[in-house]
Colleague: 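Below you'll find the structure I mean.
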2 protein chains.
Amino acid sequence: MKTVNIKDIAKVAGVGVSTVSRVLNNQPDVKEETKKRVLQIIEELNYVPNNSARNLKRTKTNHIGIFVIGDFSTFFSEVIESLEKILSSNRYSVMLHFHQGMKNTIEAAIQFALEKKLVGLVFLGGHLKKNEEGYLKQLKIPVIFASTVIEEGVDFELFSSVTIDNYKAAYEGVTYLLENGHRRIGMISAGYGDDSVAEARFMAYRDALSDFKVTYDEKLVSGGNYTMASGYKAMEELLDEKVTAVFAIADTMAIGAMKAITDHGLKVPEDISVLGFDGLELGKYMTPSLTSIEQPTRYMGDQAGQILLEILREEVPQHIVLETKFVIGQTTQKI
Amino acid sequence: MKTVNIKDIAKVAGVGVSTVSRVLNNQPDVKEETKKRVLQIIEELNYVPNNSARNLKRTKTNHIGIFVIGDFSTFFSEVIESLEKILSSNRYSVMLHFHQGMKNTIEAAIQFALEKKLVGLVFLGGHLKKNEEGYLKQLKIPVIFASTVIEEGVDFELFSSVTIDNYKAAYEGVTYLLENGHRRIGMISAGYGDDSVAEARFMAYRDALSDFKVTYDEKLVSGGNYTMASGYKAMEELLDEKVTAVFAIADTMAIGAMKAITDHGLKVPEDISVLGFDGLELGKYMTPSLTSIEQPTRYMGDQAGQILLEILREEVPQHIVLETKFVIGQTTQKI
DNA sequence: AACGTTTCTGAAAACGATTGCAGAAAGGAC
DNA sequence: GTCCTTTCTGCAATCGTTTTCAGAAACGTT
């Protein structure tokens, strides 16, 4: 059974294909009467335009890619959901891709964009380095980075972004611990040299310590991979170091850390204070509730979508830095 | 700047377009030498085949849709991730769509499939009713339901599925509570008449009670919407009813319930035992750790992907019911 | 009634791939 | 060298749209 095409519609309606096409695309220059008749026949025959043909002729698609970098966290899933909603309600198709590992990220993204003939691309997470500018130019479509760390010096004309100030937010968090008397503060970080979100947060940790005249001790820093399990393990290592507080760069790891602490017979926050990052809903439902730095996930998805739609029309890159919110829960206390 | 196409390649290589096409599609009947030359030129000119043209000519795409029904939970995000990985590594493109609300679900899915010219469709969540069979036939592509409740009597030839036995799993959980001496068991359910996952679990609850000669009391059932916040609220209502245990049909709601219990000065499990459903990672990291019925989320995504790939080749529908695992944590105790 | 405008319409040429078919080139048998 | 296979190759039609361009139809003006 052949599917109906524009030609069939034209024949039945007794008009030319171009007229049908004009109706489909809501172009002017079609008599109201003709338009109505064509629309009715389209309805009757259950006609659905063939997107492949359309895209071929238009030499572009309506596909927007979401390229997810790194571990897929609860954090990302909220962003993706709000992104998809806003894009698809603007008649775009959303193609999803998870990139594993941190290597060749941008090459993989370009491959993805070219192959799928994307007209726009959203990066979720990861980092953008100065020496990757060239790739960005190669990719001649609007690109927006969400929750990505942008290295200094990258040409802001080449892309858009929706980010938070990781350094500032983390600095604020660690300072809070310091102000509350903590001096032996452990850190649960992530990534090995290539995870810049982790790096920015780490720098903030080091600088905050230094500003309080606390010597940085690398034994107090342990690495994870954003999972609860890794937070648990990292915390176990820190337990030997007699820390009084620990800063985990993700709520998931903070939760793992809390579990490790309790499992070893210690109490949060009496024995060890815990500070997370992300402000996930679930942190608020822990007992005790997690002190954390909250990122506006849904809002971030919305903004990324809005901006992408705008630059798809106007081509003027935008950069916005969203505010984080320091939420004091019950996992931190004065000593 | 025009993008290079198959014709350019042919011209440079000094062969016909059909030869290039044959090389691209790895067809036989091309001399090894010619093939090598063509491949080299493809490489040199950075040629990427135009998918729209391909799809048009082939009269089908390589797009597979993931249609997510209902609230996007942590649960779904794990399934989606493993699904995407397996599909894209088999050269399919994954299109994501979230359907809001429970109305017109299947119509929306058909629209989605036709418009994007999908060659396969994965439903995530929701339910499939007998009277929707017709729609299924209309949709002439392989369809697989994952974590969907299938109404009795639906023709199994029309689709594939990867599910768990919600009734059995919930029955086992509630029975455990009963065997531990609980008689006033509250339930935190969800959905209003249209959420069949919730319904199946509810039926199990009622039947288990009845099998232990406990009269069903509708005041002990409260509704939520799979969020932690809704679990919290639902639990508050149940607190007046002096329940000794509560069964929440999702871990997220169970976590909300635990918070409500603690916030009201009671303890889990001493005062109230809590049983969840899903077996999310985070439940294991709660203190006390959540007793729950574990679903194999990643495995479910894998299986759904595998099966879809198979039926894309062979057209023989498959139905598998995955095993759940009852995980006893620290939130339940004997009374 | 002839003409110029304006409004609307359809034929036909793309877009970039795949594929059936005819036929060229190469190899083998005599 | 001729003829028959076998192996390779290229032409041209086709998929279902969009869009240009020429021209038909409708209308008002004189």
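First the proteins, then the strands, lettered A, B, ... as listed; each starts at 1. In this text the structure is predicted, and so the values were computed from the model without any measurement.
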Colleague: For B:Val17, what residues pass the side-chain contact (heavy atoms from CB on, under 4.5 Å) criterion, not counting sequence neighbours?
Modeller: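 Counting only residues at least two positions away or on another chain, B:Val17 forms a side-chain contact (heavy atoms from CB on, under 4.5 Å) with B:Ile6, B:Lys7, B:Ala10.
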
Colleague: Of all residues at least two apart in sequence or in a different chain, which pass the salt bridge (Lys or Arg N to Asp or Glu O under 4.0 Å) check with A:Glu44?
Modeller: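 Counting only residues at least two positions away or on another chain, A:Glu44 forms no salt bridge (Lys or Arg N to Asp or Glu O under 4.0 Å).
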
Colleague: Expressed as a whole number of angstroms, how long is the span from B:Lys60:NZ to D:dG16:C1'?
Modeller: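 Taking atom C1' of D:dG16 as the reference, NZ of B:Lys60 is at 18 Å.
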
Colleague: For B:Phe156, enumerate each residue passing the ring-ring contact (aromatic ring centres under 6.0 Å, His included) test, keeping only those at least two apart in sequence or located in another chain.
Modeller: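 ring-ring contact (aromatic ring centres under 6.0 Å, His included) list for B:Phe156, sorted by chain: B:Phe159, B:His319.
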
Colleague: Output the residues of residues 41-56 of chain B in contact with DNA chain D, where contact means a heavy atom of the residue under 4.0 Å from an atom of the strand; sort by number or write none.
Modeller: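 Heavy-atom contacts with DNA chain D come from B:Leu56.
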
Colleague: Based on the rotation axes of five pairs at each end, what angle does the helix from C:dA1-D:dT30 to C:dC30-D:dG1 bend through, to 10°?
Modeller: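 End-to-end axis angle for the helix from C:dA1-D:dT30 to C:dC30-D:dG1: 50°, rounded to 10°.
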
Colleague: Which residues pass the salt bridge (Lys or Arg N to Asp or Glu O under 4.0 Å) test with A:Arg313, sequence neighbours left out?
Modeller: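 A:Arg313 satisfies salt bridge (Lys or Arg N to Asp or Glu O under 4.0 Å) with no other residue.
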
Colleague: Between A:Lys7 (NZ) and D:dT18 (P), how many Å, whole number?
Modeller: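 After rounding, the reported distance stands at 15 Å.
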
Colleague: Return the set of residues passing ring-ring contact (aromatic ring centres under 6.0 Å, His included) with A:Phe112 (not counting sequence neighbours), or none when no residue passes.
Modeller: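 Scan of A:Phe112 (ring-ring contact (aromatic ring centres under 6.0 Å, His included), adjacent residues dropped) gives A:Phe67, A:His97.
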
Colleague: Round to the nearest Å and state the distance from B:Ile9 atom CD1 to C:dG16 atom P.
Modeller: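 In whole Å, C:dG16 P lies 13 Å from B:Ile9 CD1.
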
Colleague: Rounding to an integer number of Å, can you tell me how far B:Glu115 CD sits from D:dT17 P?
Modeller: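 That distance rounds to 13 Å.
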
Colleague: Nearest whole angstrom, please: distance from the P of D:dT18 to the CD of A:Gln27.
Modeller: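 It works out to 8 Å between those atoms.
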
Colleague: Could you state the NZ-C1' distance from B:Lys11 to C:dG16, rounded to the nearest angstrom?
Modeller: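 Value for this atom pair: 14 Å.
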
Colleague: Holding to side-chain contact (heavy atoms from CB on, under 4.5 Å), I want the full list of residues that pass it with A:Val321, two or more places apart in sequence or in another chain.
Modeller: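 Only A:Thr163, A:Asp165 meet the side-chain contact (heavy atoms from CB on, under 4.5 Å) criterion with A:Val321.
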
Colleague: What residues form a salt bridge (Lys or Arg N to Asp or Glu O under 4.0 Å) with B:Lys130, not counting sequence neighbours?
Modeller: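 B:Lys130: salt bridge (Lys or Arg N to Asp or Glu O under 4.0 Å) contacts with B:Glu133.
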
Colleague: Considering only nitrogen or oxygen atoms on both sides, find all protein atoms under 3.5 Å from nucleotides 8-14 of chain C and state each distance.
Modeller:
residue, atom, partner, partner atom, Å
C:dT9, OP1, A:Thr34, OG1, 2.7
C:dT9, OP2, A:Lys31, N, 3.1
C:dG10, OP2, A:Gly16, N, 2.6
C:dG10, OP2, A:Thr19, OG1, 2.8
C:dG10, N7, A:Ser18, OG, 2.6
C:dG10, N7, A:Arg22, NH2, 2.9
C:dG10, O6, A:Arg22, NH1, 3.3
C:dG10, O6, A:Arg22, NH2, 3.2
C:dA11, N6, A:Ser18, OG, 3.1
C:dA14, N3, A:Lys57, NZ, 2.8

Colleague: Give the rounded distance in Å between these two atoms: CG of A:Leu24 and P of D:dT19.
Modeller: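 Taking atom P of D:dT19 as the reference, CG of A:Leu24 is at 12 Å.
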
Colleague: Sorted by first residue and then second, give each side-chain hydrogen bond (donor to acceptor under 3.5 Å, both in side chains) pair with at least one member in residues 56-65 of chain B; sequence neighbours left out.
Modeller: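 Passing the test, one end in residues 56-65 of chain B: B:Asn25-B:Arg58.
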
Colleague: Would you check if the side chain of A:Asn90 reaches a backbone N or O of A:Ile86 as a donor-acceptor pair within less than 3.5 Å?
Modeller: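 Present.
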
Colleague: Starting at CD of B:Glu84, measure out to CD1 of A:Ile66 and round the result to the nearest 0.5 Å.
Modeller: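 Answer for the CD-CD1 pair, B:Glu84 versus A:Ile66, is 11.0 Å.
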
Colleague: In whole angstrom, give the distance that lies between atom NZ of A:Lys117 and atom C1' of C:dA17.
Modeller: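 From A:Lys117 NZ to C:dA17 C1': 11 Å.
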
Colleague: Holding to side-chain contact (heavy atoms from CB on, under 4.5 Å), I want the full list of residues that pass it with A:Ser18, two or more places apart in sequence or in another chain.
Modeller: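 Partners of A:Ser18 under the side-chain contact (heavy atoms from CB on, under 4.5 Å) test: A:Arg22.
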
Colleague: D:dT18 phosphate, OP1 or OP2: any side-chain N/O from A:Asn25 under 4.0 angstrom?
Modeller: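 Answer is yes, contact under 4.0 Å.
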
